[in-house]
Colleague: 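Questions regarding the structure given below will be posed in turn.
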Amino acid sequence: MWKMKDILIMGIESSCDETSISIVKNGREVLSNIINSQIDIHTEFGGVVPEIASRCHTEVINGVMKMALKEANITLDDIDGIAVTEGPGLVGALLVGVSYAKALSFALNKPLIAVNHINGHIAGNYITHKDLKPPFLCLIISGGHTYLVNVKDYNDAEVLGKTRDDAIGEAFDKVARVVGLGYPGGPKIDNLAKEGQENIDLPVTHFDNFDFSFSGIKTAVINLNHKDPNINKADLCRSFEKAVTEMLLNNVKKAINELSPKKIVLAGGVSRNSYIRDKFDKLSKEKNIKVYYPEGILCTDNAAMIASSGYYEYLKGNFADLNLNSVPNLKLQ
Ligand code: KG4
Ligand code: ZN
């Protein structure tokens, strides 16, 4: 029987503090996903320092690429296309990946594919759930982004709502910093909150549309901690998780009523959070709608998700040329 040729896409991700290169087969099967995290370097400064991030990417990217090929057991000749994060992200950090991808594309004469990092986060789910196909309702919750979108097709997401100020992950990281947990704060809050009670009232922001806001709750936590430095940190973290999850659930429930989606998908670093997952699992049972999350490593920044998103552009023949530039504030639409 005639069999379609396997398509191997190399994904390149360098939008923030992870240099990652991956080889993905047919958009769904990870052959390698090398992630060089700079977390230890930035921890000293309490957050990502853009200039240091760019320099680190430059130093390691070639080694990361060689490891990705080795682990996938292929050579550069076997690759069908090179997908790279075009934006959003830190301009200098993005430029390292974009320049590297352009050089490879030119030298190998292979198609170059520009990927929106947010579409990449969504695509992380296609790898974990081999049968998942659009349409679905998707909540992208990460360090830099908070979006509720209606995914109509691969890489085709209609924005329903977004944050008006801080991203949810920024709020997690800031709260962790003020209560003394360090950077990156999300996983640390996740752990400490398991020992706490939901006994502190924190503001929950509502809008008439699907937008979010996390600056109010962030400030409230900072003020409470300032007024009473001996406040129980575990209770504060747990109450913070309760309030932000309520904000997420409010908008998702509103979207369920208006759009009747058959599937709900979570994506982005914060979708690793165990409290949030627990509440969305409850919502899934209550509304009888399946909820999907990427496996842990595919929630946070990685290149496999970029390769998967790039694969669907490859199928459409949507290629970039060598004028491709990084777009730090790239939007979804
Ligand atoms: O998706 P990501 O790697 O980067 C962006 O594209 O922004 O997300 C990183 C964010 C950080 O804010 C980190 O604190 C958060 O994801 N995060 C978590 C957890 N693991 C990572 N937040 C809450 N709970 C977690 N378990
Ligand atoms: Zn990300």
Side-chain angles (χ1 to χ4, degrees), residues 11-20 22 33 35-39 42-43 46-48 50 53 84-90 93-94 97 115-125 138-147 149 162-163 166-179 181-194 196 212 214 217-218 221 237-238 240-245 247-248 265-280 293-309 326 328-330 332:
I12 303 180
E13 157 63 33
S14 70
S15 66
C16 192
D17 59 346
E18 265 95 26
T19 320
S20 179
S22 167
N33 188 19
I35 304 168
N36 182 82
S37 175
Q38 306 170 3
I39 281 182
H42 298 288
T43 299
V48 178
V84 64
T85 304
E86 175 188 15
L90 302 169
L94 288 164
V115 171
N116 183 315
H117 184 83
I118 315 284
N119 281 327
H121 273 301
I122 299 171
N125 279 282
C138 183
L139 183 65
I140 302 122
I141 41 177
S142 77
H145 319 282
T146 312
Y147 281 105
V149 301
K162 58 181 181 303
T163 182
D166 298 337
I168 186 170
E170 259 176 282
F172 266 93
D173 292 339
K174 186 70 198 235
V175 164
R177 185 142 40 131
V178 293
V179 303
L181 293 177
Y183 167 85
K188 292 184 174 142
I189 290 189
D190 196 343
N191 280 334
L192 186 60
K194 287 180 187 146
F212 301 94
F214 298 103
I217 186 167
K218 183 187 76 180
V221 172
C237 288
R238 179 79 179 198
F240 168 78
E241 281 188 341
K242 175 180 180 269
V244 292
T245 307
M247 292 190 236
L248 298 176
V265 173
L266 269 67
V270 181
S271 70
R272 260 183 129 145
N273 183 271
S274 55
Y275 184 95
I276 294 176
R277 286 192 176 205
D278 185 50
K279 296 296 171 204
F280 273 84
Y293 319 93
E295 73 181 83
I297 198 73
L298 297 170
C299 290
T300 38
D301 291 350
N302 69 91
M305 67 184 202
I306 304 302
S308 174
S309 172
S326 66
N329 58 354
L330 187 66
L332 255 184

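First listed ligand is number 1; within each ligand, the first listed atom is number 1. Every value quoted in this text rests on a predicted model; they were computed, and no experiment measured them.
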Colleague: Answer yes when Arg272 and Asp190 have at least one side-chain N-carboxylate O distance shorter than 4.0 Å, and no when they do not.
Modeller: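 The answer is no: the pair does not qualify as a salt bridge.
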
Colleague: Do any nitrogen or oxygen atoms of ligand 1 lie under 3.5 Å from a protein nitrogen or oxygen, and which ones?
Modeller:
{"unit_1": "ligand 1", "atom_1": "1 (O)", "unit_2": "His121", "atom_2": "NE2", "d": "3.1"}
{"unit_1": "ligand 1", "atom_1": "1 (O)", "unit_2": "Gly269", "atom_2": "N", "d": "3.0"}
{"unit_1": "ligand 1", "atom_1": "1 (O)", "unit_2": "Asp301", "atom_2": "OD1", "d": "3.4"}
{"unit_1": "ligand 1", "atom_1": "3 (O)", "unit_2": "Asp301", "atom_2": "N", "d": "3.0"}
{"unit_1": "ligand 1", "atom_1": "3 (O)", "unit_2": "Asp301", "atom_2": "OD1", "d": "3.3"}
{"unit_1": "ligand 1", "atom_1": "4 (O)", "unit_2": "Asp301", "atom_2": "OD1", "d": "3.3"}
{"unit_1": "ligand 1", "atom_1": "4 (O)", "unit_2": "Asp301", "atom_2": "OD2", "d": "3.4"}
{"unit_1": "ligand 1", "atom_1": "6 (O)", "unit_2": "His117", "atom_2": "NE2", "d": "3.1"}
{"unit_1": "ligand 1", "atom_1": "6 (O)", "unit_2": "His121", "atom_2": "NE2", "d": "3.3"}
{"unit_1": "ligand 1", "atom_1": "6 (O)", "unit_2": "Asp301", "atom_2": "OD1", "d": "3.2"}
{"unit_1": "ligand 1", "atom_1": "7 (O)", "unit_2": "Ser142", "atom_2": "OG", "d": "3.2"}
{"unit_1": "ligand 1", "atom_1": "7 (O)", "unit_2": "Gly143", "atom_2": "N", "d": "2.8"}
{"unit_1": "ligand 1", "atom_1": "7 (O)", "unit_2": "Gly144", "atom_2": "N", "d": "2.7"}
{"unit_1": "ligand 1", "atom_1": "8 (O)", "unit_2": "Gly143", "atom_2": "N", "d": "3.3"}
{"unit_1": "ligand 1", "atom_1": "12 (O)", "unit_2": "Gly169", "atom_2": "O", "d": "3.2"}
{"unit_1": "ligand 1", "atom_1": "12 (O)", "unit_2": "Asp173", "atom_2": "OD1", "d": "3.4"}
{"unit_1": "ligand 1", "atom_1": "12 (O)", "unit_2": "Asp173", "atom_2": "OD2", "d": "2.8"}
{"unit_1": "ligand 1", "atom_1": "14 (O)", "unit_2": "Asp173", "atom_2": "OD1", "d": "2.7"}
{"unit_1": "ligand 1", "atom_1": "14 (O)", "unit_2": "Gly186", "atom_2": "N", "d": "3.0"}
{"unit_1": "ligand 1", "atom_1": "24 (N)", "unit_2": "Gly186", "atom_2": "O", "d": "3.4"}
{"unit_1": "ligand 1", "atom_1": "24 (N)", "unit_2": "Asn273", "atom_2": "ND2", "d": "3.1"}
{"unit_1": "ligand 1", "atom_1": "26 (N)", "unit_2": "Asp190", "atom_2": "OD2", "d": "2.8"}

Colleague: For Ala267 versus His121, what's the shortest heavy-atom pair and its separation?
Modeller: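 So the two residues come closest at CB-O, 3.4 Å.
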
Colleague: Going by ring-ring contact (aromatic ring centres under 6.0 Å, His included), name the residues that satisfy it together with Phe240, two or more places apart in sequence or in a different chain.
Modeller: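 For Phe240, the residues satisfying ring-ring contact (aromatic ring centres under 6.0 Å, His included) (neighbours in sequence not counted) are Phe172.
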
Colleague: Answer yes or no: are there more than 12 heavy-atom neighbours, outside Lys279 itself, under 6.0 Å from its atom NZ?
Modeller: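 Yes, the 6.0 Å shell around NZ holds more than 12 heavy atoms from other groups.
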
Colleague: Could you tell me whether the side chain of Gln38 and the main chain of Ala53 form a donor-acceptor pair under 3.5 Å?
Modeller: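 Confirmed, Gln38 side chain pairs with Ala53 backbone.
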
Colleague: Under 3.5 Å, side chain of Asn119 to main-chain N/O of Ser309, donor-acceptor pair present?
Modeller: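 No, because the side chain of Asn119 does not come within donor-acceptor range (under 3.5 Å) of the backbone of Ser309.
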
Colleague: With 2.8 Å as the limit, jot down which protein N, O or S atoms are around the Zn ion (ligand 2).
Modeller: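 Listed by chain and number: His117 NE2, His121 NE2, Asp301 OD1.
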
Colleague: Side chain to side chain donor-acceptor pair (under 3.5 Å) with Glu86: which residues, sequence neighbours excluded?
Modeller: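 Partners of Glu86 by the side chain to side chain donor-acceptor pair (under 3.5 Å) criterion come out as none, since no residue qualifies.
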
Colleague: Without swapping roles, check the side chain of Tyr275 against the backbone of Ala193 for a donor-acceptor pair under 3.5 Å.
Modeller: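 No.
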
Colleague: Classify the ring geometry of Phe212 against Phe214: parallel below 30°, tilted from 30° to 60°, perpendicular beyond 60°.
Modeller: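 Geometry flag for Phe214 against Phe212: parallel rings.
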
